> 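Okay, here's the structure, questions in a sec.
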Amino acid sequence: QFRLVESGGDLVQSGGSLRLSCTASGFTLEFYAIGWFRQAPGKEREGILCINRSAESVYLADSVKDRFTIARDNAKNTAYLQMSSLKPEDTAIYYCAVDRSCTKRVVEYYYWGQGTQVTVSS
């Protein structure tokens, strides 16, 4: 069974940092681009960052530039989202998913995880 599991979400204060993990089971992440997404209550799911198979980052949202970075460790079958200078508006459920290449079209990603909650207090 192909599965992605996100972890690392927490309650943090504004200005704080968190690192989220996305671990795959049942398939090898090495052959996929990995995207991070988030969905706040009452809002559509939005793309944040993607990392392609060559480990190049593609920002899907301008709002996280200079604050969030993405990385992958193929040996651990895991991708990471490093978040810093967190703001209350970053509060959302964060998801990861894969595609053959990085695209801004959220609907093209698949093998969605269950998400991990990030809450940023002011």
Side-chain angles (χ1 to χ4, degrees):
Q1 182 178 5
F2 295 171
R3 197 168 168 226
L4 289 169
V5 178
E6 303 92 341
S7 62
D10 206 345
L11 169 64
V12 295
Q13 290 189 336
S14 182
S17 299
L18 272 179
R19 188 178 79 159
L20 306 183
S21 299
C22 169
T23 301
S25 61
F27 70 104
T28 302
L29 269 183
E30 179 180 3
F31 303 115
Y32 295 85
I34 306 153
W36 279 98
F37 307 82
R38 65 186 180 186
Q39 187 165 18
K43 294 188 176 182
E44 292 188 354
R45 190 169 299 187
E46 67 165 342
I48 305 171
L49 265 168
C50 180
I51 186 166
N52 64 20
R53 287 175 283 179
S54 301
E56 297 168 327
S57 301
V58 178
Y59 280 92
L60 305 179
D62 291 338
S63 61
V64 303
K65 284 183 177 179
D66 301 324
R67 299 190 300 123
F68 291 10
T69 59
I70 191 172
R72 64 191 301 159
D73 186 337
N74 291 332
K76 294 183 178 180
N77 223 24
T78 298
Y80 304 97
L81 181 69
Q82 179 67 49
M83 306 185 293
S84 60
S85 302
L86 282 162
K87 305 174 182 180
E89 50 264 43
D90 294 318
T91 295
I93 300 175
Y94 283 70
Y95 301 88
C96 62
V98 299
D99 198 352
R100 288 298 183 180
S101 61
C102 288
T103 172
K104 292 189 175 183
R105 287 176 52 82
V106 175
V107 296
E108 294 192 7
Y109 289 82
Y110 45 96
Y111 301 159
W112 291 89
Q114 83 292 344
T116 186
Q117 177 70 48
V118 172
T119 303
V120 184
S121 63
S122 56

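The shown structure was predicted, so the numbers you read here are calculated from the model rather than taken from an experiment.
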> If every non-hydrogen atom of I70 is compared with every non-hydrogen atom of I34, which pair is closest and at what distance?
CD1-O, 3.7 Å
> Go through the structure and list residues passing side-chain contact (heavy atoms from CB on, under 4.5 Å) with Q13, not counting sequence neighbours.
S121
> Residues two or more places apart in sequence or in another chain: which of them pass salt bridge (charged side-chain N to carboxylate O under 4.0 Å, His left out) with D66?
none
> Transitive ILVMFWY cluster of Y95 at side-chain heavy atoms under 4.5 Å: who else is in it?
F37, V58, L60, I93, V106, Y109, W112
> Can you name the residues that form a salt bridge (charged side-chain N to carboxylate O under 4.0 Å, His left out) with E30, not counting sequence neighbours?
none
> Return the set of residues passing salt bridge (charged side-chain N to carboxylate O under 4.0 Å, His left out) with R38 (not counting sequence neighbours), or none when no residue passes.
E46, D90
> Applying ring-ring contact (aromatic ring centres under 6.0 Å, His included), name anything that partners Y80, two or more places apart in sequence or on another chain.
none
> Under the salt bridge (charged side-chain N to carboxylate O under 4.0 Å, His left out) test, which residues partner K43, sequence neighbours left out?
none
> Would you list the pairs meeting salt bridge (Lys or Arg N to Asp or Glu O under 4.0 Å) in which at least one residue belongs to residues 102-112, sequence neighbours left out?
R105-E108
> Does anything in residues 68-77 form a salt bridge (Lys or Arg N to Asp or Glu O under 4.0 Å)? List the pairs, not counting sequence neighbours.
none
> Restricting to pairs with a member in residues 93-122, which pass disulfide bond (SG atoms under 2.5 Å apart), not counting sequence neighbours?
C22-C96, C50-C102
> For V12, what residues pass the side-chain contact (heavy atoms from CB on, under 4.5 Å) criterion, not counting sequence neighbours?
L18, L86, V120
> So, using ring-ring contact (aromatic ring centres under 6.0 Å, His included) as the criterion, who are the partners of F31 when residues are at least two apart?
none
> Taking a hydrophobic cluster as the set of Ile, Leu, Val, Met, Phe, Trp and Tyr residues connected by side-chain heavy atoms closer than 4.5 Å, whether directly or through intermediates, do Y94 and L11 fall within one such cluster?
no
